[in-house]
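Below you'll find the structure, written out as structure tokens, and then a few comments.
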2 protein chains.
Amino acid sequence: MQSLKTADEMEVAFGQQLRELRLRRNIDQRQLAGQAGVALNAVKNLENGKGATLTSLVKVLRALERADWLETLAPTVEISPMQLLKTRQQRQRASKQRGPTHA
Amino acid sequence: MQSLKTADEMEVAFGQQLRELRLRRNIDQRQLAGQAGVALNAVKNLENGKGATLTSLVKVLRALERADWLETLAPTVEISPMQLLKTRQQRQRASKQRGPTHA
DNA sequence: ACTTAGTAGACCTAAAATAGTCTACTCATA
DNA sequence: TATGAGTAGACTATTTTAGGTCTACTAAGT
């Protein structure tokens, strides 16, 4: 077992965090929706984990001034400029998959 | 001006991070889709910032073992147990909005 | 305790995403 | 450089979400 929560549960938990951010600013869902440029229902869906689009999430995060969070997903690998010259560029594709046990 | 990128641009940049995570594992989109339990198109949408659902994102993050990231959105406010007794419970709603300049 | 603002839930229509399949392009590797 | 795996893009059908509105419930303020 790796993840304790189901995907659905995680969406709900995530929505609670969104709500937390909103409440810290003490604005209601209607205001947030207005500032984010989305429908009130979109905010409801997000906060209640009912299913939402990534677009709505991004707009809401911008309104909450937490859009920077989106950039913290993939920790950037630091490479020294000198190394950059030697190293070949980053992969753009996954490499060929080897057949299971050669077969 | 607050955010440098538009919402669309942010989705694209976010998709690039997702791709980065996948490439580090050296798996292709098809495999990731399979492991995540979503359609190949869903992964494409996510990585290319074409628009996707939060549900798809969560499933993909689980497959990438980065689901924990979802819990880092709202920094939890620490309160000492003693303080908890005194403090009144957290807000569950936004407070009444005051009319603009009393009017 | 009363009142009312804030939120949940249901309903509808339009818009958008998912899933599945096929074609075309291109990076990686032999 | 020739081959083929990996990805993008288009297409259709189906499912889901956005957006708008209305009703009901409930936490907050008075």
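As a basis for the values below, the full set of heavy atoms in this structure was taken, side chains included, without hydrogen atoms, waters or symmetry mates. Letters go in sequence order (proteins before strands), and every chain restarts at 1.
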Can you check whether [X] has a side-chain N or O nearer than 4.0 Å to OP1 or OP2 of [N]?
| X | N | answer |
| --- | --- | --- |
| A:S56 | D:dA18 | yes |
| A:R91 | D:dT7 | no |
| B:N48 | D:dA8 | yes |
| B:Q29 | D:dA5 | no |
| B:T53 | C:dT18 | yes |
| A:R19 | C:dA8 | yes |

Measure the distance from [atom1] on [X] to [atom2] on [N] and round it to the nearest whole Å.
| X | N | atom1 | atom2 | result |
| --- | --- | --- | --- | --- |
| A:L46 | C:dT7 | CG | P | 14 Å |
| B:R30 | C:dT21 | CZ | P | 11 Å |
| B:K59 | D:dT16 | NZ | C1' | 12 Å |
| A:L32 | D:dA18 | CG | C1' | 15 Å |
| A:E47 | C:dT7 | CD | P | 7 Å |
| B:L57 | D:dT16 | CG | P | 18 Å |
| B:L23 | D:dA5 | CG | C1' | 14 Å |
| B:N26 | D:dA5 | CG | C1' | 12 Å |

Nearest 0.5 Å please: distance from the CD atom of A:Q16 over to the CG atom of A:L23.
->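 Reported to 0.5 Å precision, the distance equals 11.5 Å.
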Supply the atom-to-atom distance B:R22 CZ to B:L46 CG, rounded to the nearest 0.5 angstrom.
->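 If we round to the nearest 0.5 Å, B:R22:CZ and B:L46:CG are 11.0 Å apart.
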Looking at the side chain of [X], which of [options] is the nearest nucleotide?
| X | options | result |
| --- | --- | --- |
| B:K44 | D:dA18, C:dA28, D:dG9 | D:dG9 |
| B:K50 | D:dG29, D:dG9, C:dA19 | D:dG9 |
| A:D28 | D:dG19, C:dG6, C:dT18 | C:dG6 |

Could you go step by step and tell me if A:Q92 and B:R19 meet the side-chain contact (heavy atoms from CB on, under 4.5 Å) rule?
-> CA-CA 9 Å; A:Q92 299 184 31; B:R19 166 165 298 169; over 6 Å; no
Between the two end axes of the helix from C:dA1-D:dT30 to C:dA30-D:dT1, each built from 5 base pairs, what angle do you get to the nearest 10°?
->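 One end axis against the other gives 80°.
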Exam field: side chain B:Q17 to backbone A:A74, donor-acceptor pair closer than 3.5 Å =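 Indeed, once roles are kept as given, a pair shorter than 3.5 Å links the two residues.
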Any donor-acceptor pair under 3.5 Å from B:Q31 side chain to B:D28 backbone |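 Confirmed, B:Q31 side chain pairs with B:D28 backbone.
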With DNA chain D as reference, determine whether B:R93 or A:N45 sits nearer its 5' end, using the nearest nucleotide of each.
->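 Counting from the 5' end, the first nearest nucleotide belongs to A:N45.
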By nearest nucleotide on DNA chain D, pick out whichever of B:R22 and B:T55 is the more 5' one.
->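 That would be B:R22.
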Given the rule in the side-chain contact (heavy atoms from CB on, under 4.5 Å) test, do B:R91 and A:N26 qualify, once you have shown the distances and angles that lead to the verdict?
-> CA-CA 9 Å; B:R91 300 201 67 78; A:N26 194 40; 4.0 Å; yes
Enclosure of A:R24 CZ (heavy-atom neighbours >12, cutoff 6.0 Å) =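 Enclosed.
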Run the numbers on A:K50 and A:K44 for side-chain contact (heavy atoms from CB on, under 4.5 Å), then give the verdict.
-> CA-CA 8 Å; A:K50 297 296 184 182; A:K44 286 183 184 176; over 6 Å; no
Hey, is the side chain of A:N41 pairing donor to acceptor with the base of D:dA18 inside 3.5 Å?
->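 Flag unset: no donor-acceptor pair detected.
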Toward the 5' end of DNA chain C, by each residue's nearest nucleotide, B:G51 or B:L40 |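 The answer here is B:G51.
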